[in-house]
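Please read the structure below before turning to the comments.
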Amino acid sequence: ADHLAELYLKVQLIGHRRHWEKTAAAMPSRSEATKKTAEVLPSNKRKKAVISSACAPLFPDDMILEVLLRLPVKSILRFRSVCRSWAAMLPSKDFCSLHMATSKMMPPAPKLLVLSPASTFGSVAVYACSPSSPVDDLLFTFDCARRNSVEMVMPSPCCGLTLLYDAAAPAYYVCNAATRAITRLPPHRVPTYDSSAGLGFDAGTREYKVVRLINGVFGEKETIRCDVCTPGADRWRPATGGVPFKWSQFANSAVHHAAVNKIPPVFANGCLHWLINPSLIIRRPRAAIVSFSVAEETFGCVRSPPFWGPREHLGSLSQSEGEHLVVMDDQLCIVRDLRNGIPHGGTLEIWGLLDYGSGDWSLNHRIDLFGQVKRELADPRVVRVIGNVGNCKLGKKIVIATSKHLVHDKFQKKVYSYDPSRQVLEGILSVTETHTSLMLFVPGSRFSLLEESLALVHKTHEDLAFKNVLKKLRLHLIQRRR
C-alpha cells in the first residue's frame, strides 16, 4: 500500500506537469502579450479556473481515500505535507477512526512493543519487535526515574494507545508507538495500600481515560477510591459516581488480586474489567468481574462462568496460577490455567463472554499441552494469553507470554504465537529482564502488542481552545439567566 500511494503521487505530479506544459505552450509569449490590451488578458476568475483544472486529481476522491486508509502510520505522517487538503484530513478524528477500523480488517503478523533500558542513564528505549524483522526497530526514548522501573500496565493497547507506569517516579505515561508520541500524566496520589490502573476509550466523546482503583486501609473513611484522568488534563479527579457500597467488596478483591498477581484490567465493549478473587470473599460471589463504564463512569459486574468458585483460587495469594482476562476479537475472555489441575491437567482454556445480560459463557479454545507446546508452556511459573492476531483468510493466532524466575532478580521472558488449527507454537521474543522491586516474585511486563493507530496521546490546542470557548459560553448564558 505504501508503494501504491507513492506511485499515485508520482502519477499525480507527472499529470500536473504535463498539464502545465500544455497550458504554457498554448499561452502567448511575453512580446505577444504586451501587444494585447488589458481587456484581452484573462480575468481573475479565468486564472483560478486554469489553476484548478491543472491541479484536478486524476483519480476519484473515494479511490484516494481507500489508498490512504491502507497505508501504515509512518507513511501517513509523511503524506501530510503533500497538500493542504491532506494536511487537514489525515489528522482528523474521522480519518483516524476509519484508519483504525481498516487496519483491524487487515492485521499484520504479530508485532510487539518492547521496553528496554537505554544506553544513557535514566532513560528507556521503546522498540518494535516482529518475527519477520531480524533487527528490532528503535522507535523513541524517554526519560524516567530508573532504567528498570518502567513497565507496561496492560498487555494490549487500547484503540492504539499504550499505558506505561514508572514505579520509581511514580508516574503514568500514555504513548502511541506508531506516531512516536508520549505524554506524562499529572502527579497522582500515592496509595497506602494496593492500586490498579487501566486505559479506556469513550467512543461518544472520542476521549481516552486512565482509571485507577485504590484500596484504602482499615480505619480510613473510604475503603476504595476511583480516580480518572484524561490525557492532557492538569489533574486527576474522582469518578463521577464514585464506588457504590454494594460494589466495594468486589472492587477491593479485584484490586488486591491485580496488584499481587500482576493481573491488569482489560478494555472491551466500552468498559474496563477487573477480575475478582473469590478466595478473598466469604460468600461465593455470583460475579467474576467488576466492570467500569468509561463513558458513564459507573460500576457493574459480569456473572461468573460455570467453573468459577473459591476453590479455583486457593493458591492465588502466593501464586499467579489461576485465571486472567484477555480480549480476543473484541470479545471479553477468561483464560483458565489448568496446567496443574485435575482432571484437566495440561491444558489452557479460553472462555468467551456471549452476553452481558445473561452472563452466558462459551469455551472458545482448549490448548492441550503436549510435545513442543508442553516443553515451552508447562515449566514457566506465569503463562498469560495477551491477545490474538490475524483474520479468517490468513488464519488467526493466539499470542502467549511466559515468565520464568532464573536467579535473584533475573527473569526469562518469552512470547509465542500459537496456531490453533495446526497446534503449532512459534517463538516471537526471548529476553532476560532484571526486576529489582518484586511482589511475591511476580514481575510486571515490559512488552505488549503493537497496534497501528493515528490516535493523539492528548488533546490538541484547538480542542482545548474550543472547550474553553464552550465553558465561557455556558458561564455567559448562566449569568444572563440570572
Do any N or O atoms from the side chain of Asn215 and from the backbone of Val255 form a donor-acceptor pair under 3.5 angstrom?
no

Could you tell me whether Arg235 and Asp227 have a side-chain N and a carboxylate O separated by less than 4.0 Å?
no

Short question: side chain of Arg70, backbone of Glu66 - any donor-acceptor pair under 3.5 Å?
yes

Smallest heavy-atom separation, Ile386 atom then Ser156 atom, equals O-CB, 3.9 Å

Would you say Thr102's side chain and Leu98's backbone share a donor-acceptor pair under 3.5 angstrom?
yes

Passes salt bridge (charged side-chain N to carboxylate O under 4.0 Å, His left out), Asp143 versus Arg184? Steps please.
CA-CA 10 Å; Asp143 296 334; Arg184 178 170 174 164; over 6 Å; no

Output, in order, the C-alpha distance, side-chain angles, deciding distance and verdict of side-chain contact (heavy atoms from CB on, under 4.5 Å) for Ile334 and Leu275.
CA-CA 9 Å; Ile334 289 183; Leu275 191 64; 4.3 Å; yes

Just checking, any donor-acceptor pair under 3.5 angstrom between side chains of Asp419 and Ser421?
yes

Find out whether Gln412 and Thr402 are in side-chain contact, i.e. whether some heavy atom of one side chain is under 4.5 Å from a heavy atom of the other.
no

Is any side-chain heavy atom of Val399 less than 4.5 Å from a side-chain heavy atom of Val385?
no

Is it the case that the side chain of Glu151 and the backbone of Asp166 share a donor-acceptor pair, with hydrogens and angles ignored and the cut-off at 3.5 Å?
no

Answer yes or no: is there a donor N or O on one side and an acceptor on the other, between the side chain of His273 and the main chain of Cys301, under 3.5 Å?
no

Is any side-chain N of the basic residue among Glu297 and Lys209 closer than 4.0 Å to the acidic one's carboxylate O?
yes

Given side chains that start at C-beta, do those of Val126 and Leu113 come closer than 4.5 Å, heavy atoms only?
yes

Under 3.5 Å, is there a donor-acceptor pair between the Tyr416 and Glu426 side chains?
no

Minimum heavy-atom distance between Ala251 and Val290, given as atom pair plus value:
N-CG2, 4.1 Å

Interatomic distance, Tyr418 atom OH to Ile398 atom CD1 [nearest 0.5 angstrom]
7.0 Å

Does a side chain donor of either Asp202 or Thr205 reach within less than 3.5 Å of an acceptor in the other side chain?
yes

Between atom NZ of Lys397 and atom CZ of Arg422, what is the distance when rounded to the nearest 0.5 Å?
6.0 Å

Does Leu354 reach the side chain of Trp361, with side-chain heavy atoms less than 4.5 Å apart?
no

Looking only at side-chain N and O atoms, does Ser362 offer a donor or acceptor that is under 3.5 Å from a partner on Trp351?
no

Would you compute the distance between atom CG of Leu429 and atom SG of Cys129 and round it to the nearest 0.5 angstrom?
5.0 Å

Walk me through whether Thr298 and Phe292 qualify under side-chain contact (heavy atoms from CB on, under 4.5 Å).
CA-CA 6 Å; Thr298 56; Phe292 178 83; over 6 Å; no

Side chains of Thr162 and Met154, heavy atoms from C-beta outward: is any pair under 4.5 Å?
no

Do Leu163 and Tyr172 touch side chain to side chain, with heavy atoms closer than 4.5 Å?
yes

For the atom pair NZ (Lys111) and CG (Leu449), what is the distance rounded to the nearest 0.5 Å?
12.5 Å

Hey, is CZ on Arg237 packed in by over 12 heavy atoms from elsewhere, all under 6.0 Å?
yes

Mind running side-chain contact (heavy atoms from CB on, under 4.5 Å) on Val73 and His99 for me, showing each step along the way?
CA-CA 9 Å; Val73 171; His99 182 268; 3.9 Å; yes

Closest approach of Gly160 and Ser453, non-hydrogen atoms and distance?
CA-CB, 3.4 Å

Closest non-hydrogen contact found for Leu185 with Pro231 is CD2-CA, 3.9 Å

Close side-chain approach of Cys226 to Val243, heavy-atom, < 4.5 Å
yes

Test log, rule side-chain contact (heavy atoms from CB on, under 4.5 Å), inputs Leu454 and Met100:
CA-CA 8 Å; Leu454 290 163; Met100 184 179 298; over 6 Å; no

Heavy-atom pair with the smallest gap, counting every atom of Pro238 and Arg225
CG-NH2, 3.8 Å

Neighbour count above 12 (heavy atom, 6.0 Å) for Glu296 CD:
no

Output for pair (Ile182 CD1, Cys175 SG), nearest 0.5 Å, gives 5.0 Å

In short, Leu450 meets Ala128 closest at the heavy-atom pair CD2-CB, 3.9 Å

Arg212 NZ/CZ over Trp236 ring centroid, <6.0 Å and within 45° of normal:
yes

CH2 on Trp274 to CG on Leu325, rounded to 0.5 Å:
11.0 Å

Looking only at side-chain N and O atoms, does Asn269 offer a donor or acceptor that is under 3.5 Å from a partner on Gln331?
no

When you compare the side chain of Lys396 with that of Val389, does any pair of heavy atoms fall below 4.5 Å?
no

Are Arg384 and Asp337 ion-paired here, with the side-chain N under 4.0 Å from a carboxylate O?
no

Between Phe267 and Phe201, does the ring-ring contact (aromatic ring centres under 6.0 Å, His included) criterion hold? Intermediate values first, please.
CA-CA 8 Å; Phe267 177 77; Phe201 180 68; 7.3 Å; no

